[in-house]
Amino acid sequence: MEPIVHILIPLVFLLAIFYKLDKKYVFYLLPLTFIIDLDTYIPGTHRYLFHNLLFVILISTIVYFAWDKRAYFVSLFYLGSHLILDFAEPGVALLYPLVQKTYYLVAEITYYSGWDLNLWFGSMSITELPTDYVAYYFTTYAALFLILLGVLLVAKYGKDLKKFFKD
Ligand SMILES: [Zn+2]
């Protein structure tokens with residue numbers, strides 16, 4: 001999943017549900033939503049070296065000692081959101097290094113000549129992970145999310161923009 005989706009989805013959910021939370025936690029910790037993907041740059045380790053619970057707890061503990069308990073929970077949420085959003089095949093190695101496997105969810109409802117429901121959990125040994133992994137930095141979906149966000153921003157601030165260009 002591309003960085004923009006890893007950033008936008010948890011950010012918007014956090015702002016919507018914990019709207020009273022001090023924004024310095026929300027924005028200063030935001031880079032945590034994608035640091036898990038740094039294992040993309042360590043050949044042959046993507047989806048397990050940093051994509052696991054131990055890494056999430058380790059980083060959040062550092063955040064706790066560097067800042068406070070509230071920052072710890074925001075960190076857990078941001079890092080955990082990355083694991084959840086990557087839970088599609090080939091999934092994430094939740095229990096690495098204890099268990100050398102990724103886990104993933106398949107949840108699809110489709111209609112072709114009849115309804116088809118696919119709902120199951122899968123797992124894969126880390127040795128079976130694709131090595132020719134393509135890292136997507138931007139996709140059509142990210143563009144569509146941004147267009148949708150743009151529509152809302154224009155709806156909210158359109159008048160101010162008009163005023164700005166008139167003056
Ligand atoms: Zn990832």
Side-chain angles (χ1 to χ4, degrees), residues 1-107 120-139 141-146 148-150 152-153 156-157:
M1 192 167 280
E2 60 268 54
I4 200 133
V5 180
H6 274 303
I7 296 166
L8 273 184
I9 301 286
L11 170 67
V12 167
F13 284 2
L14 191 61
L15 285 172
I17 296 168
F18 289 91
Y19 49 87
K20 285 183 180 162
L21 181 67
D22 190 332
K23 301 300 176 280
K24 70 181 185 222
Y25 293 105
V26 176
F27 290 103
Y28 289 170
L29 294 168
L30 198 56
L32 293 178
T33 55
F34 58 86
I35 64 160
I36 284 182
D37 270 342
L38 292 178
D39 63 14
T40 312
Y41 305 104
I42 305 169
T45 67
H46 186 47
R47 290 282 183 146
Y48 68 89
L49 189 61
F50 299 155
H51 286 70
N52 60 69
L53 291 174
L54 183 69
F55 184 78
V56 167
I57 293 166
L58 202 75
I59 298 294
S60 299
T61 305
I62 293 169
V63 167
Y64 173 79
F65 286 112
W67 199 344
D68 64 15
K69 199 164 121 191
R70 193 157 289 166
Y72 170 77
F73 285 113
V74 172
S75 168
L76 275 183
F77 171 68
Y78 276 159
L79 293 162
S81 76
H82 190 109
L83 297 187
I84 291 170
L85 293 174
D86 272 356
F87 221 77
E89 200 172 352
V92 294
L94 276 185
L95 304 174
Y96 184 83
L98 292 177
V99 181
Q100 315 265 320
K101 269 180 174 181
T102 62
Y103 299 95
Y104 58 89
L105 170 72
V106 174
W120 48 281
F121 281 101
S123 85
M124 185 185 287
S125 158
I126 59 170
T127 56
E128 294 173 273
L129 284 171
T131 48
D132 56 343
Y133 202 84
V134 179
Y136 287 97
Y137 287 97
F138 200 81
T139 67
Y141 290 110
L144 297 176
F145 286 149
L146 287 176
L148 190 61
L149 180 65
L152 274 184
L153 288 174
K156 179 153 186 183
Y157 300 109

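Treat the numbers as computed from the prediction; the structure is a model and nothing was measured. Counting begins at 1 with the first residue of the sequence.
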Worksheet item: How long is the span from the OG1 atom in Thr40 to the OH atom in Tyr136, to the nearest 0.5 Å?
Response: 13.5 Å

Worksheet item: Between Phe138 and Leu146, does a side chain to side chain contact (heavy atoms under 4.5 Å, CB included) hold up when you go through it step by step?
Response: CA-CA 11 Å; Phe138 200 81; Leu146 287 176; 3.9 Å; yes

Fill in: Student check: side-chain heavy atoms of Val74 and Val26 closer than 4.5 Å
no

Worksheet, complete the sentence: Tested for side chain to side chain contact (heavy atoms under 4.5 Å, CB included) against Leu95, the lone hit among Leu53, Leu54, Asn52 is Leu53

Worksheet item: Rounded to the nearest 0.5 Å, how far apart are CG of Asp39 and CG of Asp37?
Response: 6.5 Å

Worksheet entry | Test item: Val5 and Phe145 side chains (from C-beta on) under 4.5 Å apart, heavy atoms | yes

Worksheet entry | Leu148 side, atom CG; Leu153 side, atom CG - distance, nearest 0.5 Å | 10.0 Å

Fill in: Parallel, tilted or perpendicular: ring planes of Phe55 versus Phe50, cut at 30 and 60 degrees
parallel

Discussion item. I'd like to know if the side chain of Arg47 reaches the main chain of Leu129, judged simply by a donor and an acceptor atom lying under 3.5 Å from each other, with no hydrogens or angles considered.
Written reply: no

Worksheet, complete the sentence: Rounded to the nearest 0.5 angstrom, the CH2-CD1 distance for Trp67 and Ile62 is 15.5 Å

Item to complete: State the CD1-CG distance between Ile4 and Leu11, to the nearest 0.5 angstrom.
Response: 10.5 Å

Worksheet item: If we ignore angles and hydrogens, is there a donor and acceptor under 3.5 Å between the side chains of Tyr25 and Asp68?
Response: yes

Practice prompt. Could you tell me whether the side chain of Ser81 and the main chain of Tyr78 form a donor-acceptor pair under 3.5 Å?
Written response: yes

Worksheet item: So, Ser75 side chain and Ala71 main chain: donor-acceptor pair closer than 3.5 Å or not?
Response: no

Item to complete: Over all heavy atoms of both residues, which pair between Pro10 and Phe77 is shortest? Give the atoms and the distance, please.
Response: O-CE2, 3.5 Å

Worksheet item: Rounded to the nearest 0.5 Å, how far apart are CZ of Phe13 and CG of Leu8?
Response: 10.5 Å

Item to complete: Determine whether more than 12 heavy atoms belonging to other residues, nucleotides or ligands lie under 6.0 Å from atom NZ of Lys23.
Response: yes

Worksheet item: Any donor and acceptor pair, going by atom type alone, linking the side chain of Lys20 with main-chain N or O of Phe18 inside 3.5 Å?
Response: no

Discussion item. Which heavy atom of Leu79 sits nearest to which heavy atom of Leu32, and what is that distance?
Written reply: CD2-O, 3.3 Å

Worksheet, complete the sentence: For residues 85-104, the side chain to side chain donor-acceptor pair (under 3.5 Å) pairs (sequence neighbours left out) are His6-Asp86, His51-Asp86, His82-Asp86

